[in-house]
Amino acid sequence: MSTTTVTPVEAVRLPDPYPFYARLVAERPFAFDEALGAWVAADAAAVRAVLGSGVLRVRPVAEPVPAGLAGTAAGEVFGQLVRMTDGAATARLKGAVAGALARADTAYAGELAARFTREALAGGGEVPYEELMFGVPARVVAVLAGLTGGADREAARAIADFVRCIPATAGPEDREVASVAAVRLRELLGPVLDSAAAAGPEAAAGSGAGIREGYGSGRAHALLAELVRAADREGLVDLGPLLSNAIGFLSQTYDATAGLIGNTLVALARGADAPDTGALVREVVRHDAPIQNTRRFAAGAFTHAGSTVEPGQQLLVVLAAANRDPAVNPDPHTLHPGRVNPVIFTFGAAAHRCPGEPLAVALATAVVTELRTAGWSTTATPAYRPLANARIPLL
């Protein structure tokens, strides 16, 4: 395995990509990869610099929405997601999204995830890993957003279709399926958001009462109520971008949480000594990151470590490599639950840091805890899905 025969994108689905990443950190921490046609940031210093730069964007300047999505329902949602946009207006919307997620009831989310996991296991037979990794987290977020009575399951199915439009490899069929899903997700979430907006930010502030009475009762639109309240603080009145980012709550949960659950189960199968499941999950976030890389596009010249990225060029930011940089995490290749003050890049940094980390950890911890309690285990040597940035085992 060498930098001439493996790219950082191909490494995502290797049985063990980490020796390759370690060589990148040691030998090519910031360099141009001819095979990718992109700059690669691998060590912690380079990743910090790239993620913190104001001239590097999450989308190409000339193509804020992928050409194949332009003019479709999926494209409209994509173009308003804060994770896919930059700029001053986006910063305010991002503040609202982060503010809402910061107030998400992670304890209740964990209770729901545990309940849904027990229900999925109650049927006996083989463990329904697909449902546990993807369906359960999506259903929980749907319930937090106010979708109950079967709508949570429908939303989980729809978001599985919507995320098909996200990868650069998405084809016409993927985009068509995603657009149908975007329409349906708007139909499901729109009335809940309208209700939260009509009640006003004052009602949102008190929306926490009664949620634990049952499956979504009492605070049936808590997450979206918090979104409305946070948007009011930011002076935002247009519900369209809020609705798109309500869909974003589901889409960002999907692959990332599935990978975190799966990689934690694999760590256990490989003999991880972790009586505290929550501590194990938090270390897996660093040690075997569910999202291994992300991309940036140069809107202006960017210089790091004596090298200059020219406008129009792109960069691959290898978060999983930076997580294991010995300059920021001592003994980085050891899985150490309870690691003190780890430096973790998995959820990004700076303006585009994902605010959903506590929710993802709570969901993964609940699902893995229930599986451990039930005595289920998985393989230590899985294959991995053929994805460019998400490391998700096939269990």
Side-chain angles (χ1 to χ4, degrees), residues 1-53 56-60 83-84 166-170 255-256 258-260 262-263 266 284-298 302 304-310 312-329 332-333 343-350 352-354 382-394:
M1 189 190 313
S2 72
T3 55
T4 60
T5 59
V6 175
T7 71
V9 171
E10 295 165 336
V12 171
R13 45 197 182 264
L14 292 176
D16 182 6
Y18 296 103
F20 171 78
Y21 290 156
R23 285 196 290 276
L24 284 182
V25 168
E27 300 169 10
R28 295 171 58 84
F30 187 71
F32 190 79
D33 187 305
E34 295 287 349
L36 290 179
W39 290 86
V40 175
D43 74 348
V47 167
R48 274 203 185 103
V50 169
L51 295 181
S53 171
L56 303 178
R57 310 293 173 80
V58 292
R59 290 287 308 161
R83 62 176 286 207
M84 297 297 183
I166 302 294
T169 54
D255 282 349
L260 184 52
N263 294 343
V266 171
V284 169
V285 167
R286 181 200 68 83
H287 188 262
D288 196 13
I291 301 300
Q292 299 256 301
N293 64 63
T294 188
R295 289 185 185 262
R296 291 293 184 267
F297 302 84
F302 168 78
H304 175 73
S307 295
T308 297
V309 179
E310 300 296 338
Q313 290 188 306
Q314 63 176 289
L315 304 91
L316 186 78
V317 191
V318 190
L319 309 169
N323 283 342
R324 292 202 183 195
D325 185 343
V328 295
N329 285 311
H333 303 296
V343 176
I344 299 173
F345 294 95
T346 303
F347 289 89
H352 279 284
R353 177 171 175 77
C354 175
Y384 288 85
R385 294 167 189 270
L387 301 171
N389 74 327
R391 183 167 173 80
I392 307 176
L394 287 160

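Atoms CG and NE2, on Leu56 and His304 in that order, are 11.5 Å from each other to the nearest 0.5 Å. Note: Asp33 CG to Leu315 CG = 12.0 Å, rounded to the nearest 0.5 Å.
For Arg385, the side chain to side chain contact (heavy atoms under 4.5 Å, CB included) test picks out Glu130, Phe134, Leu387, Ile392, Leu394, with sequence neighbours left out. Here Pro60 pairs with Glu63, Phe297 under the side chain to side chain contact (heavy atoms under 4.5 Å, CB included) rule; sequence neighbours left out. Residues satisfying the side chain to side chain donor-acceptor pair (under 3.5 Å) test with Arg83, not counting sequence neighbours, are none. Looking at residues two or more places apart in sequence or on another chain, you find a salt bridge (charged side-chain N to carboxylate O under 4.0 Å, His left out) between Arg391 and Asp288. Partners of Tyr18 according to the ring-ring contact (aromatic ring centres under 6.0 Å, His included) rule, which considers only residues two or more places apart in sequence or in another chain, are Tyr21. Considering only residues two or more places apart in sequence or on other chains, Ser307 meets the side chain to side chain donor-acceptor pair (under 3.5 Å) condition with none of them.
Asn263 and Pro393 get closest at one heavy-atom pair: OD1-CD, 3.2 Å. Nearest heavy atoms, Gln292 versus Ala289: NE2-O, 2.8 Å. Between Pro290 and Leu260 the shortest heavy-atom distance is CB-N, 3.5 Å. In this structure, Phe20 and Ala11 approach most closely via the heavy-atom pair CD2-CB, 3.7 Å. Of all heavy-atom pairs spanning Ala390 and Asp255, the tightest one is CB-CB, 4.4 Å.
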Which donor-acceptor pairs under 3.5 Å do the side chains of residues 316-327 make with protein atoms, sequence neighbours left out?
| residue | atom | partner | partner atom | Å |
| --- | --- | --- | --- | --- |
| Asn323 | OD1 | Phe345 | N | 2.6 |
| Asn323 | ND2 | Arg286 | O | 3.3 |
| Asn323 | ND2 | Thr346 | OG1 | 2.8 |
| Arg324 | NE | His287 | O | 3.1 |
| Arg324 | NH1 | His333 | ND1 | 3.2 |
| Arg324 | NH2 | His287 | O | 2.7 |
| Arg324 | NH2 | His287 | ND1 | 3.2 |
| Arg324 | NH2 | His287 | NE2 | 3.0 |
| Asp325 | OD1 | Ala327 | N | 2.8 |
| Asp325 | OD2 | Ala44 | N | 2.9 |

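Contact of the Arg295 side chain with the Asn389 side chain is not registered, since no non-hydrogen atoms from C-beta on lie closer than 4.5 Å. Under the 4.5 Å side-chain criterion, counting only non-hydrogen atoms from C-beta, Asn293 is not in contact with Pro8. A heavy-atom distance below 4.5 Å is found between the side chains of Leu51 and Arg296.
The stretch residues 34-53 participates, sequence neighbours left out, in these side-chain hydrogen bond (donor to acceptor under 3.5 Å, both in side chains) pairs: Trp39-Gln313.
Using modelled atom types, one side-chain atom of Arg28 and one backbone atom of Phe32 make a donor-acceptor pair closer than 3.5 Å.
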